[in-house]
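No hydrogens, no waters, no symmetry mates; every other heavy atom, side chains included, goes into these values.
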Amino acid sequence: MSKFIINGGKKLKGTYTVSGAKNAAPKLLIASLLTKKKCVFNNIARLSDTYRSIDALASLGASVQFIKKNSIAIQCANIYSSEIPLEAMSARQSVIFIGATLARAGHVVIYPPRGDTIGRRPINRHLEGIKALGGRIIEKGNNRLEIFMPQRPNSAVYTFEKNTHCGTENLILASVFNRGKIILKNAATEPEVDNLIECLNDMGAKIKRIESRTIEIAGVKPFLKGVEITSISDRLEAATALILSIMNGGQIAVKNAAPALLDEFIQTLNQMGVEIIFKNNVAKIIKIKNPLKPVNITTDIHPGFVTDWQPIITLLLAYMSKGESIIHERIFETRWRYLEELKKMGVKYKLFHPKNYKADYYNFNNSEYKIGGYYAVSVLGPTKLQPAEMNSHDVRAGIDMLLAGLVAPGKTIINDPQNHIDRGYENIVEKLTDLGADIKRL
């Protein structure tokens with residue numbers, strides 16, 4: 001259990017350096033299962049999800065070592081197991097082991113993944129795709145799944161019912177060695193997916209987007225070759241750092257902030273009255289119209305407004321905008337728990353059910369939709385934030401509370417029993433201390 005003690009209200013300035021993407025690193029590492037040659041992965045953030053992937057790969061027989069602070073060398077020459085340890089599944093992205101291990105061995109034993117309490121996120125979209133490729137799934141006791149599939153599945157066309165980031169990556173990995181051509185329709189378009197495709201193609205796979213949401217995988221024979229590749233930077237951390245800068249008067253430059261990964265976020269900030277310039281992937285705030293203009297936001301699948309940006313933009317609106325903003329959440333059905341914590345700091349909001357929308361409008365499973373469910377919030381600003389003691393429920397909620405604590409004058413305490421903040425942000429205390437923050441992790 002972590003506890004963060006923040007003496008807030010201090011003006012921060014300097015340069016915040018964004019790490020490699022939390023949601024890219026595990027998938028890149030897992031891709032090493034498709035080759036027996038050495039792979040080197042650069043710009044890999046040292047986060048718990050990364051370590052869980054490393055431990056799981058080692059348990060299968062892989063040789064894994066850090067060769068630099070954020071560079072990892074992996075060789076999967078002698079894989080002797082296809083059972084993914086239960087401990088690894090506390091990282092949601094470990095579900096990607098399904099596709100990679102099936103492509104490597106034709107068999108995998110796995111447990112349904114856990115993760116943040118922001119929605120159910122069942123893996124039915126993954127498993128339906130695996131079945132379409134010829135997979136056979138046997139349910140054992142204690143939620144244990146045993147899956148069999150040909151290492152070289154036949155040609156197929158599969159359409160995802162709804163967008164699934166990890167599901168798309170799972171089927172890509174499972175399809176690399178197919179015997180003809182596999183087409184994935186309604187496939188995810190997130191940058192982390194394209195980072196994985198780039199990695200696999202550099203290893204000798206033949207994967208391309210023939211349309212924005214259609215991916216074609218021409219089969220190649222096992223195995224792929226080795227690779228050295230760099231993870232993309234973390235677009236979610238970059239957005240967080242920009243919010244931090246705005247809340248502190250724009251005195252923080254954000255390094256490794258790729259504008260192509262932040263387009264919708266930057267457009268929204270522009271609408272609110274914030275102007276940002278980018279030079280050599282360094283973002284600087286050049287204008288803040290205070291108070292900010294309230295806006296209406298609907299989260300969406302990429303390239304729309306990312307659901308993980310929702311808590312931080314809501315906080316910014318509550319803190320600095322004048323008037324009412326409406327935020328409509330389409331991706332995760334229970335993402336609002338952080339608001340009950342921010343209420344302790346003075347944030348004013350009202351949850352409600354948007355009119356004229358039905359289950360098919362949302363990206364979570366139709367079975368999770370509830371008539372009258374709270375899928376939108378009205379938030380009022382500006383707010384003079386007060387210090388408080390709060391409890392972190394998930395990664396983005398935790399960082400939201402931390403941002404609020406940094407600007408609220410006085411002592412704020414964040415209890416983080418599952419270490420959510422450190423799970424999403426590499427060296428966050430050290431990075432903030434370098435900017436002048438008074439923050440300690442106990």
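Remark: Phe223 engages Lys36, Arg104, Phe177 in a side chain to side chain contact (heavy atoms under 4.5 Å, CB included) (not counting sequence neighbours). With sequence neighbours excluded, the residues forming a side-chain hydrogen bond (donor to acceptor under 3.5 Å, both in side chains) with Arg46 are Tyr51, listed by chain and number. Shown here are the salt bridge (charged side-chain N to carboxylate O under 4.0 Å, His left out) partners of Glu128, two or more places apart in sequence or in another chain: Lys131. When the ring-ring contact (aromatic ring centres under 6.0 Å, His included) test is applied to Tyr111, no partner is found at least two apart in sequence or on another chain. Residues satisfying the side chain to side chain contact (heavy atoms under 4.5 Å, CB included) criterion with Lys185, sequence neighbours excluded, are Val157, Thr159, Ile183, Thr214. Residues satisfying the side chain to side chain contact (heavy atoms under 4.5 Å, CB included) criterion with Pro259, sequence neighbours excluded, are Phe278, Asn281. Take Trp336 and apply the ring-ring contact (aromatic ring centres under 6.0 Å, His included) test, not counting sequence neighbours, and it matches no residue. Under the ring-ring contact (aromatic ring centres under 6.0 Å, His included) criterion, Phe352 pairs with no residue, sequence neighbours left out. Under the side chain to side chain contact (heavy atoms under 4.5 Å, CB included) criterion, Asn256 pairs with Thr17, Val18, Ser233, sequence neighbours left out.
For the pair Arg423 and Gln418, the minimum side-chain heavy-atom distance is 4.5 Å or more. Side chains of Met247 and Leu315 form a contact here, defined as non-hydrogen atoms less than 4.5 Å apart. For the pair Ile130/Asn170, no side-chain contact is recorded, criterion being any heavy-atom separation below 4.5 Å from C-beta on. The shortest distance between side-chain heavy atoms of Ser19 and Asp234 does not fall below 4.5 Å. Between Lys38 and Ile74 there is no side-chain heavy-atom pair separated by less than 4.5 Å. Residues Ile96 and Cys166 form a side-chain contact, since some pair of their non-hydrogen atoms from C-beta on lies under 4.5 Å apart. Counting heavy atoms from C-beta outward, Asn363 and Ile301 have side chains that approach closer than 4.5 Å. Put simply, the side chain of Lys181 reaches to within 4.5 Å of the side chain of Glu216, judged on heavy atoms.
Atom CG of Asn186 is separated from atom CG of Asn163 by 6.5 Å, given to the nearest 0.5 angstrom. A distance of 6.0 Å separates CG of Leu342 from CE of Met401, quoted to the nearest 0.5 Å.
At distances below 3.5 Å, not a single donor-acceptor pair connects side-chain atoms of Ser82 with backbone N or O atoms of Ala105.
Seen from the ring of Phe4, Arg441 does not count as a face-on cation partner, given the 6.0 Å and 45° thresholds.
Between Tyr362 and Tyr369, a ring centre-to-centre spacing shorter than 6.0 Å is recorded.
Heavy-atom neighbours of Glu430 CD from other residues, nucleotides or ligands within 6.0 Å: above the threshold of 12. The 12-atom threshold is not exceeded at CD1 of Ile371, counting heavy atoms of other residues, nucleotides or ligands nearer than 6.0 Å. More than 12 heavy-atom neighbours from other residues, nucleotides or ligands sit within 6.0 angstrom of CZ on Phe148.
A salt bridge is defined here as a Lys NZ or Arg NE, NH1 or NH2 lying under 4.0 Å from an Asp or Glu carboxylate O, and Asp300 with Arg330 meets this definition. The existence of a salt bridge linking Lys3 and Asp416 is excluded, since no basic side-chain nitrogen approaches an acidic carboxylate oxygen closer than 4.0 Å. Classification of Arg52 and Asp49 as a salt-bridged pair holds, one side-chain N sitting under 4.0 Å from a carboxylate O.
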Side chains of residues 187-196: which donor-acceptor pairs under 3.5 Å do they make with residues two or more places apart or in other chains?
| residue | atom | partner | partner atom | Å |
| --- | --- | --- | --- | --- |
| Thr189 | OG1 | His302 | O | 2.7 |
| Glu192 | OE1 | Arg235 | NE | 3.4 |
| Glu192 | OE1 | Arg235 | NH2 | 3.0 |
| Glu192 | OE2 | Arg235 | NE | 2.9 |
| Asp194 | OD1 | Arg209 | NE | 2.8 |
| Asp194 | OD1 | Arg209 | NH2 | 3.1 |
| Asn195 | OD1 | Ile232 | N | 3.0 |
| Asn195 | ND2 | Glu198 | OE1 | 3.4 |

Let me check something: any side-chain donor-acceptor pairs from residues 61-71 under 3.5 Å, sequence neighbours excluded? List them with distances.
| residue | atom | partner | partner atom | Å |
| --- | --- | --- | --- | --- |
| Asn70 | ND2 | Ile44 | O | 2.9 |
| Asn70 | ND2 | Glu426 | OE2 | 3.0 |
| Ser71 | OG | Asn42 | OD1 | 2.7 |

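Remark: of the listed residues Lys344, Arg337, Lys343, Lys344 is the sole one forming a side chain to side chain donor-acceptor pair (under 3.5 Å) with Glu341. Each of Tyr338, Trp309, Tyr319, Tyr349 was scored for a side-chain contact (heavy atoms from CB on, under 4.5 Å) with Thr314, with one residue passing: Tyr338.
Judged as a salt bridge (charged side-chain N to carboxylate O under 4.0 Å, His left out), the pairs with a partner in residues 157-176 (not counting sequence neighbours) are, in order, Lys27-Glu169.
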